[in-house]
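What follows is a short report on a single structure.
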There are 2 protein chains.
Amino acid sequence: MSSTHRATDATGQPRRRGRPRAFDRETALRQAMEVFWERGYEGTRLTDLVQAMRMNPPSLYGAFGSKEKLFREAVEFYNSPDRSTTTLALERPGPVRDAVEALLRDNARAYVDPETPHGCLVVLSAISYSPESEGLRDLLRSLREQDRDRLRARLRAARADGGLPGSVDVDRLASFLMSVLFGLSIQARDGATLAELDGVVDITLASWDHLVDTARGG
Amino acid sequence: MSSTHRATDATGQPRRRGRPRAFDRETALRQAMEVFWERGYEGTRLTDLVQAMRMNPPSLYGAFGSKEKLFREAVEFYNSPDRSTTTLALERPGPVRDAVEALLRDNARAYVDPETPHGCLVVLSAISYSPESEGLRDLLRSLREQDRDRLRARLRAARADGGLPGSVDVDRLASFLMSVLFGLSIQARDGATLAELDGVVDITLASWDHLVDTARGG
DNA sequence: GTATATTTTTAATGTTCACTACAAAATTAA
DNA sequence: TTAATTTTGTAGTGAACATTAAAAATATAC
């Protein structure tokens, strides 16, 4: 046998010294995310978090730092590029209309997923706020603006390559689509069915088609 | 002179015995409403309320009962029929399109009124919630549903008297308009200007016109 | 084995929360 | 005047909040 060996974990990486964690960090983060998603940042108590994450406060603080840091990490997890419905829809190659339809319809479906709280965490979990959590409100607003900016960029790109007529007012159109999208979150949270949300998407897409037609001079 | 006289207040009604209130109840209620509007129910502390209302806690409790009762009264005040932009718009006589345009444009203007917090109190002040304030969340949801139902009724009435083609799907159309309206609240809260919101309204009304035209078989 | 490092559980900590007891103040009624 | 009534300001109350101190537990390193 060779010299002294080091302990390794399942992935072959050397394990840290000391007592090992009794929980999976990502699983716990997902559980925390769902609580924040349902109740919002200020409506969530530490008691709710430790119950959902099945651990005691010191473990939570050891792994995540504070309630606010945990929330920020939960938002990051929710909004990660490979998981964000909006990002995935807008990065989809092909006609811009397909991307916009995916933006609306995939989000609508996600908003009423029976496995998760209804509506979008980024829209719902820190809209009204006390001054202490103003930083979190700003974080979520910047993420909403990021989505809007990505939509604008996608529309501008389409206009540049002929997928959209040059006379289309991209910023106005993006604001309109974001309004509908934000509204879907409220309605999903209020108990709307997928059929209802899809009905809204149908009208929105009909509106898109007509607007593009008109701008083409149809 | 006649027999013993009773004290009367400015409106001629007999004044109550005891030390008179040092504040105007409706003014205080309006001040409380603005705090709730800005910060939401759970984000508002009693300290914030008594500061804004310029009184001490016992006066607040004597006049309004509790934080929750004060919130309910503030919502009632905000949403009173003679003050609710939505109710006023939908009760407006004349073409249904004018009512819908007023619904969107008057609300958009109110949402960015520099004199008040931006967006709609009914949409923003209790969206995410801890179980203790679930009753308030339900109250606001029922008010949102009430507005949607009033819109549906107005559209149905228009369809009945020929103002809308019979083939229009009233419920779907109402959901679409409510989605846009809810979305305007989010965007107003995020700092959108009246011009941006009016742009969204322009597209929505163009969509309305096209939808009605199509249903007419145009 | 012993030392070191990290997480665990238990049990607190100080702060902030909505709310209130109490007595002084201000009014009407007789 | 005196009694009755109501609101006021001061100064609390207990409960719930996010956070942490301390020591036992569990792992690696040597």
Side-chain angles (χ1 to χ4, degrees), chain A residues 1-10 12-25 27-28 32 35-36 39-72 74 130-133 135-136, chain B residues 1-10 12-25 27-28 32 35-36 39-72 74 130-133 135-136:
Chain A
M1 291 288 273
S2 69
S3 64
T4 58
H5 59 281
R6 294 179 179 278
T8 58
D9 69 2
Q13 288 169 334
R15 243 181 298 174
R16 299 169 67 201
R17 276 223 281 194
R19 182 170 176 171
R21 282 225 173 94
F23 60 91
D24 177 66
R25 200 177 183 283
T27 303
V35 179
F36 283 130
R39 309 193 173 177
Y41 176 72
E42 293 190 329
T44 299
R45 296 158 304 192
L46 218 68
T47 318
D48 303 325
L49 290 168
V50 298
Q51 267 175 21
M53 301 163 86
R54 267 175 262 165
M55 63 181 66
N56 302 100
S59 298
L60 188 157
Y61 281 83
F64 300 102
S66 70
K67 184 189 170 189
E68 175 169 346
K69 283 180 185 159
L70 175 56
F71 180 74
R72 288 179 182 275
S130 58
E132 289 99 51
S133 41
L136 299 179
Chain B
M1 291 290 273
S2 69
S3 65
T4 60
H5 58 284
R6 294 178 179 278
T8 58
D9 69 2
Q13 289 168 337
R15 246 181 295 175
R16 299 170 66 204
R17 275 226 279 194
R19 183 171 175 169
R21 281 227 173 91
F23 59 91
D24 178 63
R25 200 176 182 284
T27 303
V35 180
F36 282 131
R39 309 193 172 178
Y41 177 72
E42 294 190 329
T44 299
R45 296 158 306 194
L46 218 64
T47 317
D48 304 323
L49 290 168
V50 298
Q51 266 175 23
M53 301 163 85
R54 266 175 264 165
M55 63 181 67
N56 299 54
S59 298
L60 189 158
Y61 281 83
F64 299 103
S66 71
K67 183 190 171 190
E68 175 169 344
K69 282 181 186 158
L70 175 57
F71 180 75
R72 289 179 181 275
S130 59
E132 289 99 50
S133 43
L136 298 179

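Chain letters run A, B, ... following the sequence lines, proteins first and then strands; every chain starts at 1.
Both P57(B) and R17(B) lie near DNA chain D, and the one whose nearest nucleotide falls closer to the 5' end is R17(B). When the nearest nucleotides of DNA chain C are assigned to G18(B) and S66(B) by heavy-atom distance, the more 5′-ward of the two goes with S66(B).
Per the geometry, CZ belonging to R16(A) stands 14 Å off C1' belonging to dT26(D), to the nearest Å. Here the P atom of nucleotide dT9(C) and the CZ atom of R19(A) are 6 Å apart, to the nearest Å. R39(A) has its CZ atom 11 Å from the P atom of dC17(D), to the nearest Å. Note: CZ (R21(A)) to P (dA5(C)) measures 18 Å, nearest angstrom. The CD-P distance, from E132(A) to dT16(C), rounds to 9 Å in whole Å. The distance between atom CZ of R25(B) and atom P of dT7(D), rounded to the nearest whole Å, is 11 Å. Distance L46(B) CG to dA15(D) C1': 15 Å, rounded to the nearest Å. We find that CG of D48(B) is positioned 12 Å from C1' of dA18(C), with the value rounded to whole Å.
Contact between the side-chain N/O atoms of N56(A) and the OP1/OP2 oxygens of dT9(C) is found at a separation under 4.0 Å. For the OP1/OP2 pair of dC19(C) and a distance below 4.0 Å, the side-chain nitrogens and oxygens of Y61(B) include at least one atom meeting the criterion.
As judged by a 4.0 angstrom heavy-atom cut-off over every strand, S130(B) is placed among residues making no nucleic acid contact. Among the atoms of the strands shown, base atoms are found under 4.0 Å from some heavy atom of P58(B).
The main-chain N or O of L49(B) is never found under 3.5 Å from a side-chain atom of K67(B) such that the two would form a donor-acceptor pair. Although no hydrogens or angles enter the test, the distance criterion places a donor-acceptor pair under 3.5 Å between the side chain of S66(A) and the main chain of K69(A). Judged by distance alone, the side chain of R39(A) and the main-chain N or O of P131(B) form no donor-acceptor pair under 3.5 Å. The main-chain N or O of S59(A) is never found under 3.5 Å from a side-chain atom of N56(A) such that the two would form a donor-acceptor pair.
Side chain of S59(A), nearest nucleotide from dT9(C), dG9(D), dA18(C): dT9(C).
Ionic pairing of E132(A) and R45(B) is present here: one or more N-O contacts between side-chain nitrogen and carboxylate oxygen are shorter than 4.0 angstrom.
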